[in-house]
**Student:** 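This structure is in structure tokens; I'll ask about it shortly.
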Amino acid sequence: MTETEEREGTRPIRVLIGKPGLDGHDRGAKVVARALRDAGMEVIYTGLHQTPEEIVEAALQEDVDVVGLSILSGAHLTLVPAVIELLHAQNMEEVVVVVGGIIPDEDAEELRKLGVKAVFGPGTETDEIVRFTRASVGRA
Amino acid sequence: MSLGAEVLRGDRRALARALTLVESDPHAADEIIAEIYPETGRGIVVGVTGAPGVGKSTLVDRLAGQFLARGRKVGILAVDPSSPFTGGALLGDRVRMEGRGSDVFMRSLASRGHLGGLARATPRAIQLLQAFGKDLILLETVGAGQSEVDVMGFADTTIVVVVPGLGDDVQAFKAGILEIGDIFVVNKSDRPGADQTMRELRQMLHLGPHRAWLPPVLAAQAQQDVGISEIADAILQHSDVRLTDPEQQERRLQEAERLVRDALAEQLVRRVVSRSQTDGSWRDVLTAVAERRLDPAGAAKALHLDLD
């Protein structure tokens, strides 16, 4: 089988990178988006200042495997639970939720209890994020 | 309930899943399409094409808002290129979209190696959105400039977006792009040179072959929502003209022919390749071609000789 045909029959991992809330810093989100793309994934970037409702609606329409939330505003304990609740309301529990940004350790623990699969702080290697994403979705 | 039935019932999640299926597994998708096909082909498909950075996404977003306000059910398909090296893609068209909640269903499609400015799944994705109930579909192509003429085959109305001052205008309006446009939009029309660009475009269109529909050249500033209503009007006018066009029936047959030819090509390739892989001849033939012992067309012929 040729490479194009092989690719056709498989389904690339689809990831939505969302920036909920008011902070306007999306360098980290863009770096991660680029790294995941370079790892062969299809990455949907939503842009800044999205509400949890907008992020979940986009995740639904784009049928993504993973939602990555980038939050630097400190509002993660409000925004992340809102996204998770809305995902559940749409029966999208199987979507893997990860969070990146500046998150204190005790808050990261709290987020994991809510169902967040990973919290990536500053200095995380993009390779690690790629590896984790593949492992958590179970596809290359 | 089958996935196709759920799409017909208007289930957004089912639509999203069906779109994934037509993108990734053409074989499984055949079943869904067979189920929904009677409910497709309605409404208007508007293609939006143009070079990168001319404002296609913003224009698509504003047109979506405009048609929503006019009571249309709007769907958006936005195609972005996949990397030829990794197969990955960065789908960024949502950045330009205003949040319209669940009123507008938008799907980003990666081109996945398909040339011509669209994704291979495009016709099926359009059919799914139509079966779901969308009657105005905006189809945004990859920004390329001169070759993404595929859009014409799938869209009822093709909008070509340009901006003023793209250097040598004659160069920018080369063959192809000038011929596929049913409506031309000069976006960012507050920039210097907009009048000249519009004038030159109009002149070139007048020089072209005489058609029942002379494509209008419209000014817009999509970012500021200027000129959008006029573009929407032109889309509806073009749609009316098409519907009363005596050649309409002929065009429908041409479209059907294209779809059947594509399906036939896909099915025959699948059959011949999978058979040759099973009996082991596939790799031998590829090797022979790679070593220049056999030419590609001769190889293909050898693989399907028994079909004669």
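Letters A, B, ... mirror the listed sequences (proteins, then strands); counts begin at 1.
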**Student:** Quick check for you: among B:Ala110, B:Ser82, B:Ser102, B:Gly92, which has the greatest number of heavy-atom pairs under 4.5 Å with chain A?
**Tutor:**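 Heavy-atom pairs under 4.5 Å are most numerous for B:Ser102.
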
**Student:** Please check if the number of heavy atoms outside B:Lys188 that lie under 6.0 Å from its NZ is greater than 12.
**Tutor:**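 Atom NZ in B:Lys188 is packed in, count exceeds 12.
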
**Student:** Which of the residues B:Ser274, B:Ala121, B:Ala89 is involved in the greatest number of heavy-atom pairs with chain A at under 4.5 angstrom?
**Tutor:**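 Heavy-atom pairs under 4.5 Å are most numerous for B:Ala89.
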
**Student:** Would you mind reporting whether A:Glu42 and B:Asp80 have side-chain heavy atoms less than 4.5 Å apart?
**Tutor:**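 No, too far: nothing below the 4.5 Å cut-off.
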
**Student:** In this structure, are over 12 heavy atoms from other groups packed under 6.0 Å from A:Asp105 atom CG?
**Tutor:**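 Atom CG in A:Asp105 is not crowded, with 12 or fewer foreign heavy atoms closer than 6.0 Å.
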
**Student:** Does A:Glu62 reach the main-chain N or O of B:Ser108 with its side chain, forming a donor-acceptor pair under 3.5 Å?
**Tutor:**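 Yes: the side chain of A:Glu62 pairs with the backbone of B:Ser108.
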
**Student:** Around atom CZ of B:Arg96, are there more than 12 heavy atoms from other residues, nucleotides or ligands closer than 6.0 Å?
**Tutor:**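 Atom CZ in B:Arg96 is not packed in, count stays at 12 or less.
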
**Student:** With a cut-off of 6.0 Å (strictly less than), are more than 12 heavy atoms of other residues, nucleotides or ligands near CD of A:Glu106?
**Tutor:**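 Enclosed: over 12 neighbouring heavy atoms sit under 6.0 Å from CD of A:Glu106.
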
**Student:** Around atom CZ of B:Arg283, are there more than 12 heavy atoms of other residues, nucleotides or ligands at under 6.0 Å?
**Tutor:**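 Count not over threshold, so no.
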
**Student:** Measure the OG1-CZ distance between B:Thr86 and A:Arg37 for me, rounded to the nearest 0.5 Å.
**Tutor:**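 Interatomic distance, B:Thr86 OG1 to A:Arg37 CZ, rounded to 0.5 Å: 6.0 Å.
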
**Student:** Looking at A:Glu94 and B:Arg13, is there a salt bridge between them, counting it only when a charged N and a carboxylate O are closer than 4.0 Å?
**Tutor:**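 Salt bridge: yes.
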
**Student:** For A:Leu77, does the CG atom have more than 12 heavy-atom neighbours from other residues, nucleotides or ligands under 6.0 Å away?
**Tutor:**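 More than 12 within 6.0 Å, yes.
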
**Student:** A:Lys19, A:Arg14, A:Gln90, A:Arg34: which one forms the most heavy-atom pairs within less than 4.5 Å of chain B?
**Tutor:**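 Highest number of pairs under 4.5 Å: A:Arg14.
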
**Student:** Got a sec: does the CZ of B:Arg292 have more than 12 other heavy atoms crowding it under 6.0 Å?
**Tutor:**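 Atom CZ in B:Arg292 is not packed in, count stays at 12 or less.
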
**Student:** Hydrogens and angles aside, do B:Arg94 and A:Gln61 bring a side-chain donor and acceptor to less than 3.5 Å of each other?
**Tutor:**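 Yes, a side-chain donor-acceptor pair sits under 3.5 Å.
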
**Student:** To the nearest 0.5 Å, what is the distance between CZ (A:Arg11) and CZ (B:Arg112)?
**Tutor:**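 Result: 9.0 Å between the selected atoms.
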
**Student:** If you round to the nearest 0.5 Å, how far is CD1 of A:Ile17 from CG of B:Leu91?
**Tutor:**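 So the CG of B:Leu91 and the CD1 of A:Ile17 are separated by 11.5 Å.
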
